[in-house]
Amino acid sequence: MGRNTQVAQADPALDSSVAAEIERLLRTGGAPFVRFEKTLMPQMQARFGVTEEQMGALEARELTAMKKRCNSCSEAARCWQALRGGESAERCREFCPNADTFDRL
């Protein structure tokens with residue numbers, strides 16, 4: 001497992017106090033070392049069934065906009081919880097700022 005996916009793929013059985021602290025950090029912006037475009041976005045992309053090839057076909061401007069939306073997302077804690085909990089793309093669509101693009105791809 002690469003460093004970029006460790007946050008999203010944390011063991012669902014993770015100690016509840018550790019999980020709560022990660023969620024607090026994500027919710028309050030206290031985790032500046034985490035780049036959501038590198039940790040959560042690839043996992044969300046997979047949740048929507050979007051391949052690397054499809055992402056590679058995006059114009060650079062659109063990919064940059066996606067990364068910016070992800071990095072500034074106020075729902076990072078919810079995203080992390082959804083990915084850890086195995087939520088469906090349908091449920092993630094409710095809060096993911098890149099859902100429309102993932103759906104289009």
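Note that the structure is a prediction, hence the values are computed from the model and not measured.
Interatomic distance, CD of Gln81 versus CD1 of Ile22, reported as 11.0 Å (0.5 Å rounding). Here the straight-line distance linking atom OG1 of Thr101 with atom CD of Gln45 works out to 11.5 Å at 0.5 Å rounding. For the atom pair Leu63 CG and Met55 CE, the distance stands at 5.0 Å (nearest 0.5 Å).
Under the side-chain contact (heavy atoms from CB on, under 4.5 Å) test applied with Leu105, the options Asn98, Leu58, Asp100 reduce to a single match, Leu58. The side-chain contact (heavy atoms from CB on, under 4.5 Å) test with Met41 singles out one residue from Cys96, Cys70, Cys73, and that residue is Cys70.
Between Leu40 and Ala76, the shortest heavy-atom distance links the atoms CD1-O, 3.9 Å. Closest non-hydrogen pair, Cys92 versus Met44, comes out as CB-SD, 3.5 Å.
Counting heavy atoms from C-beta outward, Lys68 and Thr64 have side chains that stay 4.5 Å or more apart. The closest side-chain heavy-atom distance from Arg47 to Phe102 is not below 4.5 Å. Side-chain contact between Glu23 and Arg84 is present, with at least one heavy-atom pair separated by less than 4.5 Å.
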I would like to know whether Leu25 and Glu21 meet side-chain contact (heavy atoms from CB on, under 4.5 Å); could you show each step before the answer?
CA-CA 6 Å; Leu25 288 169; Glu21 179 62 11; 3.9 Å; yes
Just do the side-chain contact (heavy atoms from CB on, under 4.5 Å) check on Leu26 and Phe36 with the steps written out, would you?
CA-CA 10 Å; Leu26 294 175; Phe36 303 133; 3.3 Å; yes
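Scored by the side chain to side chain contact (heavy atoms under 4.5 Å, CB included) test, Arg93 finds Phe48, Ala89, Glu90, Ala99, Asp103 as partners (sequence neighbours excluded). The salt bridge (charged side-chain N to carboxylate O under 4.0 Å, His left out) test applied to Glu75 returns no partner, not counting sequence neighbours.
More than 12 non-hydrogen atoms from other residues, nucleotides or ligands lie less than 6.0 angstrom from CZ of Arg24.
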